[in-house]
Amino acid sequence: MLEVNLPDGSVKSYENSITPMGVAEDIGAGLARATLAAEVDGQVVGFDTPLPESGSVNLKLLTKKNEEALGVMRHSCAHIMARAIMRLFDGVQLAFGPTIEGGFYYDFDLEHKLTEEDFPAIEAEMKKIIKKNEGFERLEESHETALKLVKELDQHYKIEHIETGLAEHETLTFYRQGEFIDLCRGPHIPKPKSIGAFKLLSVAGAYCKGDSDNNVLQRVYATAFFNKDDLALHLEKIEEAKRRDHRVLGKKLDLFTISPLVGQGLILWQPKGTLVRNQLIKFISEQLEKYEYMPVVTPNIGKVDLYKISGHYPYYKDSQFAPIIQDEDEEYLLKPMNCPHHIMLYKSKPRSYRDLPIRFSEFGTVYRYEQSGELNGLTRVRGFTQDDAHIFCMEEQVPDEFRKCIEMTQFVLSSLGLTDYRVRLGFRDPDGSKYVGNKKDWDTAEDALLSVCKEMGIDATVEPGEAAFYGPKADFVVKDCLGREWQLGTVQLDYNLPSTERFALEYIGADNQAHRPVMIHRAPFGSLERFMGVLIEHYAGAFPLWLAPEQARVMVVSQKFEAYGKEIEAKFKAAGFRISGDYRSEKIGAKIRDAQLELIPYMIILGAREMESGTVSVRDRIDGDLGSMTIEDAIRKMTDEKEQRLVRQVFHGSAGLGNAVQSSDDY
RNA sequence: GCUGCUGUAGCUCAGUGGUAGAGCACUUCAUUGGUAAUGAAGAGGUCAUGGGUUCAAAUCCCAUCAGCAGCUCCA
């Protein structure tokens, strides 16, 4: 006998095997019609997934009102898309088709090169399928029968999947809808009519099984909603996010430029971008002083031998600019990292335990030859400046130093209003071969990271395989406006570079013996370039007052007041503001509009009234006209806002074109 | 690096083989105004670059460079 507990507290019992739909029908025909899927003990299952024969389960029937049902529906929509494509094109081989954050995709292998021009035809075919409203039928087959079936269907990827990835599964499920049958774990909605609105978004190549040694499949991205309004809202969100793109805003606001003649991925900072960047550097420098870092300066190149010792040269040979060959035995590398230089500073003299921890900081510019396809505005570049530092400390100081690094990073991010990040603990992949160092040190380091995060109440996600080759790390990861994740701040523990095999670092302990220090690599921003990119999108280009390249603009109602305008401008400059004046023969409305579009925080509007009373009229970018006040009051108000580094406006959300959230098809 | 798409004025874009276009920005002139666009005139392009096909190429083909999306990679 099975006991089914429903969310309203009622309990139903069944003697025979039953599905969630059976329970829904038992409750009422209306509910049965609305039921799309179910949640059994917190797990999303199909409307047709049999419940256990006995025991007790918590059952929640999912309808259009439940967020979880959306994912199920989208996966069904993916099947319909696949079915439509198979109808329209010959020789379609199906690969995988999971649900992602803002929709779904399906990978295909077919002769015809799909383009966006094919979308209308595919969408029309999908509409036809939906209109016919054939149900999704769940088929459970033995491993053997399943293999026979996919062979009959001549679906090579599915054959391979059953023979390899699913070799251990005794039974496998298929879903059939009309002539379309797909190996699929499901679940699916009962009937396609609940797909209210859908849209194909893009097509791109994707390596089969995510391995660059494999062939490239064609991946079609799409999304679906229960109703048209939700789809329209989603598409509008994507458009909005695109308007916030740092590459678009960077050009519009004159922050930076990239010239092919200088080189791909090499950022040329315009004066305005430089002003913002320098404010960030100033801000971090204050923190470095507070946390007792010692600024150092090191050159942009170093001997190849240095990076052979550090291990970077052999390991990252392909992603470095080629060495500069000066002479047969004299080769230099543009520095891809700052740590080896800092290590040489450490090694320049004997160190005592009394000196530790030693914290060397540097805004160090490094160069990496990233694959051309990876380059992306400011977020992935070939030359960037890290707000880098290396801490050399005793093993017992590691937790404390690590904690301080995390604390500083958190403070820096929160000061900028960046709260929407996750902390990723990059640990080593147990099967990976890229790592150096011994297991004991790795375990110690990973344990240290875990326990400090726990102690600090940080909800970190552990990701095996995300470690650096020399040690585990804690990364601060944020999403850009399109939903792509980027690593910003990072704190990395390193037992490797100090080791005998590398640089053999030492300090003399209280026992007068030589000991090995531990290194911590850390950078709260990570790369200033990437950070600026993320920040531009975070503020949608509207920087808070303290960061804004142009903090205020004086504008006169008529050119008659230019002299008064210049006088006021000078007073703001003297008070330390970045201010300009607009004395064009334009109407005040036009000047305001221009300043507003340039996202200038404050407008100081001057006319006869202000000149006579010796006041200024202040217009706020966000709140509009604030009325007139004395110049002292205006300066005081703005100085306050600037010194507090007040963040008054940020923009959230992304286009949701990011990572897979569930792979309902990957079995 | 791989797959696909794209490249026309400073910006956003139209232009499917026959004399290179619009809006905004820019310059000049007029206008001197009160919280998101005053009016007029003007200037600005080897149509990414290099080859090819053609009587004729922005348009068709090839290569290169660059950008975009995704994949892969990321010290």
Side-chain angles (χ1 to χ4, degrees), chain A residues 105 107 113-117 201-221 242 245 247-248 251-252 254 257-261 263-265 307 310-313 315-316 318-320 335-340 366 368-377 379-380 386 388 426 434 436 466-471 473 475 482 484 486-487 490 492 494 496-497 521 526-527 530 555-562 583-597 603 605-610 617-621 624-628 657-658:
Chain A
Y105 67 76
D107 286 346
K113 302 283 179 213
L114 292 167
T115 70
E116 294 194 9
E117 283 166 26
L201 297 174
S202 63
V203 55
Y207 291 114
C208 183
K209 291 195 217 145
D211 188 335
S212 57
D213 290 336
N214 289 345
N215 59 322
V216 176
L217 303 171
Q218 302 192 59
R219 175 172 296 178
V220 180
Y221 284 88
K242 283 182 182 163
D245 192 316
R247 293 164 297 189
V248 175
K251 200 177 268 183
K252 206 191 251 175
D254 212 12
T257 196
I258 299 168
S259 154
L261 201 52
Q264 306 177 263
Y307 303 101
S310 74
H312 291 107
Y313 183 69
Y315 194 83
Y316 290 104
D318 293 339
S319 40
Q320 283 164 359
K335 75 175 168 185
M337 305 278 301
N338 297 305
C339 37
V366 297
R368 299 176 185 176
Y369 194 81
E370 305 285 2
Q371 298 181 46
S372 62
E374 292 307 332
L375 300 173
N376 187 289
T379 46
R380 194 77 185 266
Q386 295 176 313
D388 208 359
K434 73 171 192 178
V436 293
E466 287 296 314
F469 75 97
Y470 51 73
K473 54 181 187 162
D475 293 330
L482 296 182
R484 297 175 289 209
W486 299 100
Q487 174 197 315
T490 183
Q492 314 181 350
D494 183 359
N496 181 253
L497 289 177
H521 309 238
S527 133
R530 176 178 292 177
M555 46 191 75
V556 287
V557 166
S558 145
Q559 287 176 313
K560 283 185 282 195
F561 311 109
E562 183 167 341
Y583 306 110
R584 293 174 301 162
S585 72
E586 289 293 339
K587 287 175 129 180
I588 196 68
K591 295 182 188 180
I592 288 170
R593 182 170 192 272
D594 288 346
Q596 197 79 42
L597 291 176
M603 288 160 246
I605 296 165
L606 306 173
R609 292 203 293 267
E610 288 75 19
S617 171
V618 179
R619 186 187 163 93
D620 181 85
R621 175 183 65 202
D625 190 4
L626 302 181
S628 50
L657 305 174

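Values in this document were obtained by computation on a predicted structure and should not be read as measured data. Per chain, numbering begins at 1; letters A, B, ... match sequence-line order.
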Open item on the list: Under 4.0 Å, heavy atoms only, any strand: does A:G607 hit a base, just the sugar-phosphate, or nothing?
Closed with: base
- [ ] Any chance you could lay out the side-chain contact (heavy atoms from CB on, under 4.5 Å) test for A:R484 and A:N376, step after step, and finish with the verdict?
- [x] CA-CA 11 Å; A:R484 297 175 289 209; A:N376 187 289; 3.6 Å; yes
Open item on the list: OP1 or OP2 of B:A69 versus the side-chain N and O atoms of A:N376: is any pair under 4.0 Å?
Closed with: yes
Open item on the list: Taking the minimum atom-to-atom distance to the side chain of A:S372, which one of B:A75, B:G1, B:U35 wins?
Closed with: B:G1
- [ ] Using the P atom on both, measure B:G45 against B:A20 and round to a whole Å.
- [x] 14 Å
- [ ] May I ask you to say what A:A608 touches in the nucleic acid, namely base, sugar-phosphate or nothing, with a heavy-atom cut-off under 4.0 Å?
- [x] base
TODO: Look through every strand shown and name the nucleotide pairing with B:G70 as Watson-Crick or G-U wobble, where both distances are under 3.5 Å.
DONE: B:C2
Open item on the list: Less than 4.0 angstrom between a side-chain N/O of A:Y316 and OP1 or OP2 of B:A75, yes or no?
Closed with: yes
Open item on the list: At less than 4.0 Å, is any side-chain N or O atom of A:Q559 found next to OP1 or OP2 of B:G33? Yes or no.
Closed with: no
Task: A:S585: side chain to side chain contact (heavy atoms under 4.5 Å, CB included) partners, not counting sequence neighbours - done: A:Q559
TODO: Kindly point out which of B:C68, B:G70, B:G1 is positioned nearest to the side chain of A:R247?
DONE: B:C68
Open item on the list: Side chain of A:K434 only, heavy atoms from C-beta on: which candidate in B:A75, B:C71, B:G34 is closest?
Closed with: B:A75
- [ ] Under 4.0 Å between any heavy atoms, over every strand shown, what does A:Q487 touch: base, sugar-phosphate, or nothing? Just pick one.
- [x] nothing
- [ ] Write down the distance separating the C1' atoms in B:A57 and B:C47, rounded off to the nearest Å.
- [x] 11 Å
Open item on the list: Does A:Y207 contact B:G70 through a side-chain donor or acceptor facing the base, at a distance under 3.5 Å?
Closed with: no
Open item on the list: Could you tell me how far apart A:R219 (CZ) and B:C5 (C1') are, to the nearest whole angstrom?
Closed with: 17 Å
Open item on the list: Counting only side-chain nitrogens and oxygens, does A:R621 get under 4.0 Å of the OP1 or OP2 atom of B:A36?
Closed with: no
Task: Rounded interatomic separation in angstrom, taking CG from A:N214 and P from B:C73 - done: 12 Å
- [ ] Name the pairing partner of B:U31, where a pair is Watson-Crick or G-U wobble with both distances under 3.5 Å, or state none.
- [x] none
Open item on the list: Using a 4.0 Å heavy-atom cut-off, does A:R619 contact any base of the nucleic acid, only the sugar-phosphate backbone, or nothing at all?
Closed with: base
Task: For atom CZ of A:R584 and atom C1' of B:G39, their distance in whole Å - done: 15 Å
Open item on the list: What contact category does A:Y470 fall into here, base, sugar-phosphate, or nothing, at under 4.0 angstrom with non-hydrogen atoms?
Closed with: sugar-phosphate
Task: Residue matched to B:A57 through Watson-Crick or wobble contacts both under 3.5 angstrom - done: none
Task: Rounded C1' spacing from B:G39 to B:C65 in Å - done: 44 Å
Open item on the list: Within the 4.0 Å heavy-atom criterion, would you say A:K113 contacts the bases, only the backbone, or no part of the nucleic acid?
Closed with: sugar-phosphate
Task: Nucleotide opposite B:C65 in a Watson-Crick or G-U pair, distances under 3.5 Å - done: B:G7
Open item on the list: Any side-chain to backbone donor/acceptor pair from A:K473 onto A:A468? Under 3.5 Å, distance only.
Closed with: no
- [ ] Could you measure between the two P atoms, the one in B:U3 and the one in B:U72, and give it in whole Å?
- [x] 15 Å
- [ ] Mind checking A:G210 for me? I need base, sugar-phosphate or nothing, with any heavy atom below 4.0 Å counting as a touch.
- [x] sugar-phosphate
- [ ] State the pairing partner of B:G17; accept Watson-Crick or G-U wobble contacts with both distances under 3.5 Å, and report none otherwise.
- [x] none
Task: Candidate nucleotides B:U72, B:A36, B:A69, ranked by approach to the side chain of A:I592 - the nearest - done: B:A36
TODO: Would you mind classifying the nucleic acid contact of A:D318 as base, sugar-phosphate or nothing, using non-hydrogen atoms under 4.0 angstrom?
DONE: nothing
Task: A:K473 side chain near B:A75 phosphate (N/O to OP1/OP2, under 4.0 Å) - done: yes
Open item on the list: Categorize A:Q386 for me: base, sugar-phosphate, or nothing, with a 4.0 angstrom heavy-atom threshold over every strand shown.
Closed with: nothing
Task: Test: A:K209 and A:D211 ion pair at under 4.0 Å - done: no
- [ ] Could you measure between the two C1' atoms, the one in B:G70 and the one in B:C13, and give it in whole Å?
- [x] 25 Å
- [ ] Determine the interatomic distance between C1' on B:A30 and the same-named atom on B:U49; round to the nearest Å.
- [x] 44 Å
- [ ] Pick base, sugar-phosphate or nothing for A:L597, based on heavy-atom distances below 4.0 Å to the nucleic acid.
- [x] base
- [ ] Could you check which nucleotide pairs with B:U12 in any of the strands shown, counting Watson-Crick or G-U wobble with both distances under 3.5 Å?
- [x] B:A22
TODO: Would you kindly check whether a donor in the side chain of A:R368 faces an acceptor in the base of B:C73, or vice versa, at under 3.5 angstrom?
DONE: no
TODO: Give one of base, sugar-phosphate or nothing for A:S212, where a contact means two heavy atoms less than 4.0 Å apart.
DONE: sugar-phosphate
Task: Worked verdict on A:Y316 versus A:Y307 for side-chain contact (heavy atoms from CB on, under 4.5 Å) - done: CA-CA 10 Å; A:Y316 290 104; A:Y307 303 101; over 6 Å; no
TODO: Have a look at A:R380 and say if it touches a base, only the backbone sugar-phosphate, or nothing, with a 4.0 Å heavy-atom cut-off.
DONE: base
Open item on the list: The side chain of A:Y221 is closest to which nucleotide in this list: B:U38, B:G34, B:C71?
Closed with: B:C71
TODO: Decide yes or no, distance alone: a donor-acceptor N/O pair under 3.5 angstrom between the base of B:U32 and the side-chain of A:S585.
DONE: no
TODO: Let me know the distance between CZ of A:F469 and P of B:C73, rounded to the nearest Å.
DONE: 17 Å
Open item on the list: Mind checking if A:S617 touches a base, just sugar-phosphate, or nothing, with heavy atoms under 4.0 Å?
Closed with: base
- [ ] Take the protein atom CG of A:L606 and the nucleotide atom P of B:U35, then report the distance between them rounded to whole Å.
- [x] 15 Å
- [ ] Starting from P on B:U31, measure out to OH on A:Y583 and report it in whole angstrom.
- [x] 22 Å
Task: Euclidean distance, atom NZ of residue A:K587 to atom C1' of B:U31 [Å, nearest integer] - done: 10 Å
- [ ] Return the nearest nucleotide to the side chain of A:R530; candidates are B:C11, B:A75, B:C74.
- [x] B:C74
- [ ] Measure the distance from CH2 on A:W486 to C1' on B:C74 and round it to the nearest whole Å.
- [x] 10 Å
Open item on the list: More than 12 heavy atoms of other residues, nucleotides or ligands under 6.0 Å from NZ of A:K252: yes or no?
Closed with: no
Open item on the list: Does B:A36 have its OP1 or OP2 closer than 4.0 Å to a side-chain nitrogen or oxygen of A:K591?
Closed with: no
TODO: Kindly point out which of B:G67, B:A75, B:G1 is positioned nearest to the side chain of A:Q264?
DONE: B:G67
- [ ] State the pairing partner of B:A36; accept Watson-Crick or G-U wobble contacts with both distances under 3.5 Å, and report none otherwise.
- [x] none
Open item on the list: Could you check whether the side chain of A:S310 and the base of B:A75 have a donor-acceptor pair of N or O atoms closer than 3.5 Å, going by distance alone?
Closed with: no
Open item on the list: Counting the atoms with a prime plus P, OP1 and OP2 as sugar-phosphate, which does A:E586 contact under 4.0 Å by heavy atoms, base, sugar-phosphate, or nothing?
Closed with: base
